[in-house]
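Residue numbers start from 1 in every chain, and the chains themselves are labelled A, B, ... in the order their sequence lines are given, proteins ahead of strands.
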Amino acid sequence: MDLLKDLTEPQREAITYIDGPLLVVAGAGSGKTRVITRRIGYLAQQGVNPYNILALTFTNKAANEMKERVEQFCPFKGMWVSTFHSMCARILRVDAEKIGYSNTFSIYDKQDQTSALKIVMAELEIDSTSLKPAKAGGIIGNAKNNMVSAEEFAEKAASYTDRDVARVYSLYEKTLKKNNALDFDDLLLKVVELFQNNPDVLEKYQDKFKYILIDEYQDTNRTQYAIAKLLTKNCKNICATGDPDQSIYSWRGADLRNILDFEKDFKDAKLVRLEQNYRSTKMILRAASEIIKNNSMRKEKELWTENDAGSKIKVVLASDDKQEAAVIVENTDRLTRDADIKYADVAVFYRTNAQSRVIESALRDANIPYTIVGSVEFYRRKEVKDILAYLKLCVNPNDDIALSRIINVPTRGIGKVTLERLSNLARENNCGIFQILSDLTNGEGDKGVLKGKSKAAVKGFVEIFAQLKNELSNPVNKIVDKAIELTNYKQFLIETEEIKSDDKIRNIEELISAAREYDMTEPEGSLGGFLENVALVADLDNWDDEVNAVTLMTLHAAKGLEFSVVFLVGLEEGLLPIQQSRDNEFRLEEERRLCYVGITRAKKELILTRAVSRYIHGQSKSCHESRFLEEIPSDVIEFEDKTGGQSFQELHYERDEYADYPEFDDDNEFGLNAGDYVRHPRFGPGRVMKLSGYGDMAQAVVKFNMGGTKSMMIKYAKLEKV
DNA sequence: ACCGGCCTGTTTTTT
DNA sequence: ACAGGCCGGT
């Protein structure tokens, strides 16, 4: 196959420039995936050994897809295609002991991390109501993402909270080490540590990875940057692809500096821009660029397309979240009646997972097939995590967090008090709790800690692992099966869960299937390998895009995907942009990028919805229109009011206070005065009744001729003086 | 040790 | 709305 066929000049450049650092700034829908896969093929064609290629992606799903596509061009024996996290886990399995770990280390997810932090904070006698373990975890994670060690954090800690966090951080690190466990951030951080302290190890990987590709570079954090920098120290063949306008993970430590300073960081870097969009209609693209234009922290960029103009963007105003869901059902029905649009071509994006519930039940009632990406993640479910904890503890007996989770699940009469006693004993002996348990059952070290009943219980518990260890050479699905059998977990579910037991049993059986699949794809695999896979999968990785169903997902999960029909729901102040970002310019701009990402997923039809009121935490709240909606030019919009005009009666709190009593006493830096006659792009002519607030937050209350009064942010309202 | 009822808060987003 | 924590009774 001719790899350079059907390409634009910039695309060809991005594929063939293979010596020296290259940054590909690829706008949404500009054929980036195509460029990356062909580039790998081209490298192989030019005689590069696949063994020397490393491709890093953002999700496992993206990695798998890339593998599949690359396979069509060249053999990829020895090529590494994975996420940063998987790569790091793999590297650490080889040289774990060089950083003081054993290669059976556990990987802690956020839940495990919080459990560990709870224990740590109890030990330090830090009140967990004023400083929540999860909050401390967030601060520590942030530090780790910026490569700030516990010592460095302690040095810089100024506030009262930070000093507490510093103590927690330090003991947490010790606890992790004792448990032979790493959290997500550690996977990256420990690789940096490994490389910095072991030049020979670093050299080994520098020799191996002669060509490095990093996708979604705008969402890498400083630790990932450090890894990239270390690996490319000698050969400079790094190719980063990304789009600053699609950076939506700064809350996870993603640092835009990485992509903005690429040319500074890598000397003589070449820059290629892909600005032609192949995905969307002109209408959709226009709306997207008009929105993103409002970001000030941005490099100017203009996407263009030769695609059709397409139909106008539909903006629907619903009276509440239920009606919003009905709008989705209605339009999905309408569009899929069209022969060339299937359910699978339709996606619904929302800002928060909680929004999916209402939409889900509407689709279910309408008999429209759907899949939800996210919500309650499979591997986070209690029953699944319990079984996994048995397996984890079997592989890594030092994992006290896994042990505490299951020592009394199913209930075997070992309660809080006994566990506390065992835990103290472990601390005194400087070993794991499991060690204590096996010593006690061997008759060693029994100082009357356990009475008859709990002694038998402990014996039974330890026995499970003795049996499980005998299975370790079997395929993983057999081991999982055995674990369920030995623990009598199904029986436990039947006894304790009257209604949900069927579901839960199905879930743990699903775990066996997942293991079976692992056995098939990884013939050389092990239980440890399976557990690692499980720890590092994202929800999205389990999404089956072959099924003909409408896809529901968060905007964050939508990155990198495309659909013919996209619904973007909940375009309201406080939801998109989310409340917590509204007083922070930086975070506000990230919300705008999030909106941009959502819109640019759409190929043909884009439907934006918002509700006048919706249930939040069980209470009905009235909502203002999102400023992002107001940023879309009215000539690309087809507006539909489903509320029957009710929206202009409902309106906002200002109405009752001011609408009938004009106060012409205020002005502002936008040159707008109370009493001015104005025109709004969508609501037509009206009169300013009241101005309030200052600067960017300044608001105007406008009474429209078509009826009703509305308050809006002046900065975004696009009010025209008439 | 375990169960049920009451009270609280809910970071939006996730490798 | 809903889960998770806490307390008091068994």
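Rounded to whole Å, atom P of B/dT15 lies 12 Å from atom CD of A/Gln224. Between A/Phe184 atom CZ and B/dT14 atom P the separation is 12 Å, expressed in whole Å. Atom CG in A/Leu188 sits roughly 13 Å away from atom C1' in B/dT14 (whole-Å rounding). Distance, A/Arg614 CZ to C/dA1 P: 15 Å, rounded to whole Å. Put simply, CG on A/Leu576 is 13 Å from P on B/dT13, counting in whole angstrom units. We find that CD of A/Gln619 is positioned 14 Å from P of C/dC2, with the value rounded to whole Å.
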Run the side-chain donor-acceptor check on residues 184-194 of chain A: report pairs under 3.5 Å with partners two or more places apart or on a different chain.
unit_1	atom_1	unit_2	atom_2	d
A/Asp186	OD1	A/Lys144	NZ	2.9
A/Asp186	OD2	A/Lys144	NZ	3.2
A/Asp186	OD2	A/Asp183	N	3.3

Hey, can you pull the donor-acceptor pairs under 3.5 Å for the side chains in residues 567-574 of chain A, sequence neighbours left out?
unit_1	atom_1	unit_2	atom_2	d
A/Glu572	OE1	A/Arg614	NE	2.8
A/Glu572	OE1	A/Arg614	NH2	3.4
A/Glu572	OE2	A/Ala611	N	2.8
A/Glu572	OE2	A/Arg614	NH2	2.6
A/Glu573	OE1	A/Arg582	NE	2.9
A/Glu573	OE1	A/Arg582	NH2	3.4
A/Glu573	OE1	A/Arg627	NE	3.3
A/Glu573	OE1	A/Arg627	NH2	2.6
A/Glu573	OE2	A/Arg627	N	2.8
A/Glu573	OE2	A/Arg627	NE	2.9

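For A/Asp215, the side chain to side chain contact (heavy atoms under 4.5 Å, CB included) partners two or more places apart in sequence, or in a different chain, are A/Lys32, A/Ile36, A/Thr241. In this structure, the salt bridge (Lys or Arg N to Asp or Glu O under 4.0 Å) partners of A/Lys382, at least two apart in sequence or on a different chain, are A/Asp386. Listed by chain and number, the residues in a side chain to side chain contact (heavy atoms under 4.5 Å, CB included) with A/Thr161 are A/Leu131, A/Ser159, A/Val165 (sequence neighbours excluded). A/Asn584 is linked by a side chain to side chain contact (heavy atoms under 4.5 Å, CB included) to A/Phe586, A/Arg587, counting only residues two or more places apart in sequence or in another chain. Residues passing the side chain to side chain contact (heavy atoms under 4.5 Å, CB included) test with A/Arg252 are A/Phe58, A/Tyr249, sequence neighbours excluded. In terms of the ring-ring contact (aromatic ring centres under 6.0 Å, His included) criterion, A/Tyr350 has no residue partners (sequence neighbours excluded).
Residue pairs meeting the salt bridge (Lys or Arg N to Asp or Glu O under 4.0 Å) criterion with at least one partner in residues 120-138 of chain A, sequence neighbours excluded, are A/Glu123-A/Arg427.
Not one N or O on the side chain of A/Gln246 forms a donor-acceptor pair closer than 3.5 Å with the backbone of A/Val597. Between the A/Asn146 side chain and the A/Asn142 main chain, a donor and an acceptor come within less than 3.5 Å of each other.
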What nitrogen or oxygen pairs link the protein and nucleotides 1-6 of chain B at under 3.5 Å?
unit_1	atom_1	unit_2	atom_2	d
B/dA1	OP1	A/Lys416	N	3.3
B/dA1	OP2	A/Gly415	N	2.0
B/dC2	OP2	A/Asn408	ND2	2.7

Atom pairs, protein N/O to nucleotides 7-12 of chain B N/O, distance under 3.5 Å:
unit_1	atom_1	unit_2	atom_2	d
B/dT10	OP1	A/Lys132	NZ	2.6
B/dT12	OP1	A/Gln580	OE1	3.1
B/dT12	OP1	A/Gln580	NE2	2.1
B/dT12	OP2	A/Gln580	NE2	3.2
B/dT12	O2	A/Arg351	NE	2.8
B/dT12	O2	A/Arg351	NH1	2.3
B/dT12	O2	A/Arg351	NH2	2.3
B/dT12	N3	A/Arg351	NH1	3.0
B/dT12	N3	A/Arg351	NH2	3.3
B/dT12	O4	A/Arg587	NH2	3.1

Between the protein and nucleotides 3-9 of chain C, list every N/O to N/O distance that falls short of 3.5 Å.
unit_1	atom_1	unit_2	atom_2	d
C/dG5	OP1	A/Lys118	NZ	3.2

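The P atoms of C/dG4 and B/dT13 are separated by 15 Å, rounded to the nearest whole Å.
Contacts of A/Tyr615 with the nucleic acid, taken as non-hydrogen atoms under 4.0 Å apart, are absent.
In this structure, the aromatic ring of A/Phe58 is not positioned over the six-membered ring of the base of B/dT15 within 5.5 Å between centres and 30° between planes.
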